[in-house]
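Inspection log for the structure reproduced underneath, given as structure tokens.
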Amino acid sequence: MTRHFFGDTAVLLGRSLTHVTRSVDTIITTAVTPIAMMLLFVYVLGGAINTGADSYVNYLLPGILLITIASGIAYTAFRLFLDMKSGIFERFQSMPIARSSVLWAHVLTSLVANLISLVVVVGVALLMGFRSGAGVLAWLAVAGILTLFTLALTWLAVIPGLTAKSVDGASGFSYPLIFLPFISSAFVPTDTMPGPVRAFAEHQPVTAIVNAIRNLFTEQPVGTDIWIALAWCLGMLIVTYLCATIIYRRRIS
């Protein structure tokens, strides 16, 4: 059964990645929005924002990376919704393949596509002056956090992909996730915010994740931020995975 699962997932993953490679504009579109935000904040608004950092692009990049992921998962919900409506899921269920492999193929496709978009965004940030003296282990830690965050949001995207009644409903859920970094330490220090806003910003997941990534990039002590970030990512991943798989089983039963 396990061998069937991995083999079937690999085949279906190849199918999904083929669709992505035939629609390169998907990845480009995913990366364009965060890159445009980065250009706007660095070259237009950055001079008016005092973060205490040597370079605003260094301060800004962790939040932009999270926005990149939030933008990218909308396509996961969109592609899943189209597969549900086209009847391809029912066709797969009539074949001798592992049922869960259909869902995992979409999740892994999202992971690959989002990682490519993240690399593109980091490349643009380097052209804009982003520099980091972080070592290999720090970069691996950043990659690990971003991977966990991508998986957590991807499984969240599976839920509207399976339950939405329209295309707009399937992809529109990502808008609050894109907005969330704006109420965090991603763009400005939280101590500049009014009391209630500051309280929310300091206790939502994006702030801990952004702070952990920023400290890793700048070779600063990560303190408790990295553990809080990992707890948020793992907690969201477990909850969204369980909810998505329960909904999926009900849809195909």
Side-chain angles (χ1 to χ4, degrees), residues 29-46 48-53 55-77 110 113-115 117-122 124-125 128 130 132 141-157 171-194 196-218 222 225-226 228-237 240:
T29 304
T30 300
V32 161
T33 298
I35 288 174
M37 288 183 182
M38 188 162 56
L39 292 169
L40 173 66
F41 275 88
V42 171
Y43 293 125
V44 179
L45 304 176
I49 300 175
N50 182 17
T51 61
S55 172
Y56 187 55
V57 68
N58 285 10
Y59 185 90
L60 184 72
L61 182 60
I64 293 295
L65 295 177
L66 299 194
I67 290 176
T68 304
I69 295 170
S71 300
I73 58 160
Y75 286 97
T76 302
S110 171
N114 276 290
L115 289 178
S117 296
L118 290 172
V119 170
V120 172
V121 171
V122 171
V124 174
M128 294 173 61
F130 169 74
S132 172
V142 170
I145 293 172
L146 293 175
T147 298
L148 284 175
F149 188 71
T150 302
L151 286 172
L153 292 196
T154 297
W155 281 108
L156 177 62
S171 56
F173 84 100
S174 65
Y175 296 142
L177 299 177
I178 296 172
F179 181 73
L180 198 58
F182 289 93
I183 315 177
S184 72
S185 63
F187 295 94
V188 296
T190 56
D191 56 14
T192 64
M193 301 176 183
V197 178
R198 177 179 178 179
F200 174 80
E202 290 180 346
H203 295 90
Q204 60 123 318
V206 170
T207 292
I209 297 170
V210 163
N211 289 345
I213 294 174
R214 186 179 291 136
N215 289 335
L216 288 167
F217 278 153
T218 57
V222 292
D225 282 324
I226 192 168
I228 297 173
L230 290 173
W232 272 113
C233 289
L234 288 172
M236 291 189 296
L237 175 57
T240 54

- Given Leu153, which of Leu151, Leu156, Thr150 fulfils the side-chain contact (heavy atoms from CB on, under 4.5 Å) condition?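 So, applying the side-chain contact (heavy atoms from CB on, under 4.5 Å) to Leu153 and each of Leu151, Leu156, Thr150, only Leu156 qualifies.
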
Heavy-atom side-chain contact between [X] and [Y] under 4.5 Å:
| X | Y | value |
| --- | --- | --- |
| Leu61 | Ile213 | no |
| Ile178 | Ser71 | yes |
| Leu230 | Leu148 | yes |

Show me the side-chain donor-acceptor pairs of residues 199-208 shorter than 3.5 Å, one per line, residues at least two apart or across chains.
residue: Glu202; atom: OE2; partner: Thr190; partner atom: OG1; Å: 3.0
residue: Glu202; atom: OE2; partner: Arg198; partner atom: NE; Å: 2.9
residue: His203; atom: ND1; partner: Ala199; partner atom: O; Å: 2.7
residue: Gln204; atom: OE1; partner: Val206; partner atom: N; Å: 3.0
residue: Gln204; atom: NE2; partner: Leu180; partner atom: O; Å: 3.1
residue: Gln204; atom: NE2; partner: Ile183; partner atom: O; Å: 2.5
residue: Thr207; atom: OG1; partner: Ser185; partner atom: N; Å: 3.4
residue: Thr207; atom: OG1; partner: Ala201; partner atom: O; Å: 2.4

Any idea which heavy atoms bring [X] and [Y] closest together, and the distance?
| X | Y | value |
| --- | --- | --- |
| Thr192 | Pro189 | OG1-O, 2.8 Å |
| Cys233 | Ala152 | O-CB, 3.9 Å |
| Gly72 | Asn114 | CA-OD1, 3.4 Å |
| Pro181 | Ala186 | O-CB, 3.4 Å |
| Leu146 | Ile69 | O-CD1, 3.8 Å |
| Ala157 | Ala77 | O-CB, 3.4 Å |

Which distance, rounded to the nearest 0.5 Å, do you find between the [atom1] of [X] and the [atom2] of [Y]?
| X | Y | atom1 | atom2 | result |
| --- | --- | --- | --- | --- |
| Ile64 | Leu39 | CD1 | CG | 9.0 Å |
| Thr154 | Phe149 | OG1 | CZ | 10.0 Å |
| Leu216 | Asn211 | CG | CG | 11.0 Å |

- Query: Is there a side chain to side chain contact (heavy atoms under 4.5 Å, CB included) between Ile209 and Leu66 once you walk through the steps?
  - Reply: CA-CA 9 Å; Ile209 297 170; Leu66 299 194; 3.9 Å; yes

- Near Phe182 CZ, under 6.0 Å, is it more than 12 heavy atoms from other residues, nucleotides or ligands?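 Atom CZ in Phe182 is crowded, with more than 12 foreign heavy atoms closer than 6.0 Å.
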
- Go through the structure and list residues passing side chain to side chain contact (heavy atoms under 4.5 Å, CB included) with Val42, not counting sequence neighbours.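 So Val42 forms a side chain to side chain contact (heavy atoms under 4.5 Å, CB included) with Met38, Tyr56, Val57, Leu60, Met128.
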
- Parallel, tilted or perpendicular: which describes the rings of Phe130 and Phe217, with under 30° parallel and over 60° perpendicular?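 If you compare the ring of Phe130 with that of Phe217, the planes turn out perpendicular.
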
